[in-house]
Participant: 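This is the structure I have questions about; it appears just below.
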Amino acid sequence: LRMSFFFSFSEHESEDESYEVLDLTEYARRHHWWNRLFGRSSGPIVEKYSVATQIVMGGVTGWCAGFLFQKVGKLAATAVGGGFLLLQIASHSGYVQIDWKRVEKDVNKAKKQLKKRANKAAPEINTLIEESTEFIKQNIVVSSGFVGGFLLGMAS
């Protein structure tokens with residue numbers, strides 16, 4: 001990834017304006033702001049920690065994420081299911097009248113809109129998937145620990 005920026009030195013536009021090319025990768029090499037901000041040992045996680053430490057770090061964070069995902073998922077499923085149950089009870093008791101044809105029409109309309117938005121978002125999703133795949137490839141030990149921990153967290 002190489003990025004360059006052009007800066008104009010004159011305020012008036014003319015054909016003989018002079019520009020300076022600023023190469024951000026070279027600038028970053030010369031000015032070690034990253035090291036000052038995050039310390040000398042900053043960089044890829046593979047270079048900083050042993051394999052066992054990476055697996056433990058991935059496993060612990062994965063377990064926490066899986067455990068929270070499980071708890072939040074149960075809460076959301078209970079809320080949605082309970083809402084539908086109460087709606088059905090209210091409908092059968094005569095408190096609520098539901099126009100099911102209108103519900104079906106609205107659901108079909110929402111499905112069409114979701115399909116349109118999904119087709120528009122496809123390039124962005126592909127880019128996100130490619131970036132995620134690259135991150136996983138670069139940090140395979142931590143990623144595998146995370147997946148294992150996540151599955152254990154979901155099971156507990």
Side-chain angles (χ1 to χ4, degrees), residues 1-11 13 15 17-88 102-156:
L1 178 65
R2 191 173 238 10
M3 298 174 65
S4 299
F5 290 96
F6 296 98
F7 294 102
S8 174
F9 287 111
S10 64
E11 293 182 14
E13 287 190 27
E15 292 184 23
E17 288 185 29
S18 59
Y19 293 96
E20 177 187 358
V21 176
L22 176 63
D23 185 0
L24 291 180
T25 54
E26 190 61 36
Y27 179 83
R29 280 190 200 116
R30 285 183 284 151
H31 299 87
H32 299 288
W33 60 270
W34 182 267
N35 288 339
R36 276 185 261 139
L37 187 61
F38 296 106
R40 293 265 180 234
S41 63
S42 63
I45 198 164
V46 175
E47 297 173 1
K48 292 192 328 189
Y49 301 105
S50 69
V51 173
T53 305
Q54 291 178 52
I55 290 175
V56 168
M57 286 172 37
V60 168
T61 55
W63 183 86
C64 291
F67 187 76
L68 288 174
F69 189 77
Q70 175 204 29
K71 295 298 179 187
V72 170
K74 281 183 181 178
L75 181 66
T78 302
V80 170
F84 282 130
L85 180 66
L86 289 175
L87 187 63
Q88 283 295 335
R102 185 173 177 189
V103 169
E104 183 180 358
K105 185 179 83 173
D106 289 344
V107 166
N108 288 334
K109 185 177 175 182
K111 278 176 28 179
K112 287 178 185 176
Q113 287 179 350
L114 281 173
K115 277 187 178 180
K116 286 180 185 177
R117 289 182 183 169
N119 290 337
K120 288 180 183 177
E124 295 170 0
I125 292 172
N126 288 338
T127 303
L128 180 66
I129 290 172
E130 289 171 7
E131 289 174 358
S132 301
T133 304
E134 188 63 30
F135 175 81
I136 290 171
K137 285 180 184 177
Q138 290 176 354
N139 299 299
I140 191 71
V141 177
V142 173
S143 301
S144 59
F146 181 86
V147 169
F150 185 83
L151 293 175
L152 285 173
M154 288 288 290
S156 59

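Computed from heavy atoms alone, side chains included, the values below leave out hydrogens, waters and symmetry copies.
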Participant: Determine the minimum heavy-atom distance between Met154 and Gln70, stating which atoms define it.
Facilitator: O-NE2, 3.3 Å

Participant: Going from CD on Gln113 to NZ on Lys116, what distance comes out if it is rounded to the nearest 0.5 angstrom?
Facilitator: 7.0 Å

Participant: With rounding to the nearest 0.5 Å, note down the distance linking NZ in Lys137 to OG in Ser143.
Facilitator: 12.0 Å

Participant: Do the side chains of Asp106 and Arg102 get nearer than 4.5 Å, heavy atoms only?
Facilitator: yes

Participant: Any chance you could measure Ile136, atom CD1, to Ile129, atom CD1, to the nearest 0.5 Å?
Facilitator: 10.5 Å

Participant: Testing the basics here: between Ser156 and Phe67, what is the closest heavy-atom pair and its distance to 0.1 Å?
Facilitator: OG-CD1, 3.7 Å

Participant: Which residue in the set Thr61, Val60, Val141, Ile55 passes side-chain contact (heavy atoms from CB on, under 4.5 Å) when paired with Phe146?
Facilitator: Thr61

Participant: Within a 6.0 Å radius of atom CD on Glu104, are there more than 12 heavy atoms belonging to other residues, nucleotides or ligands?
Facilitator: no

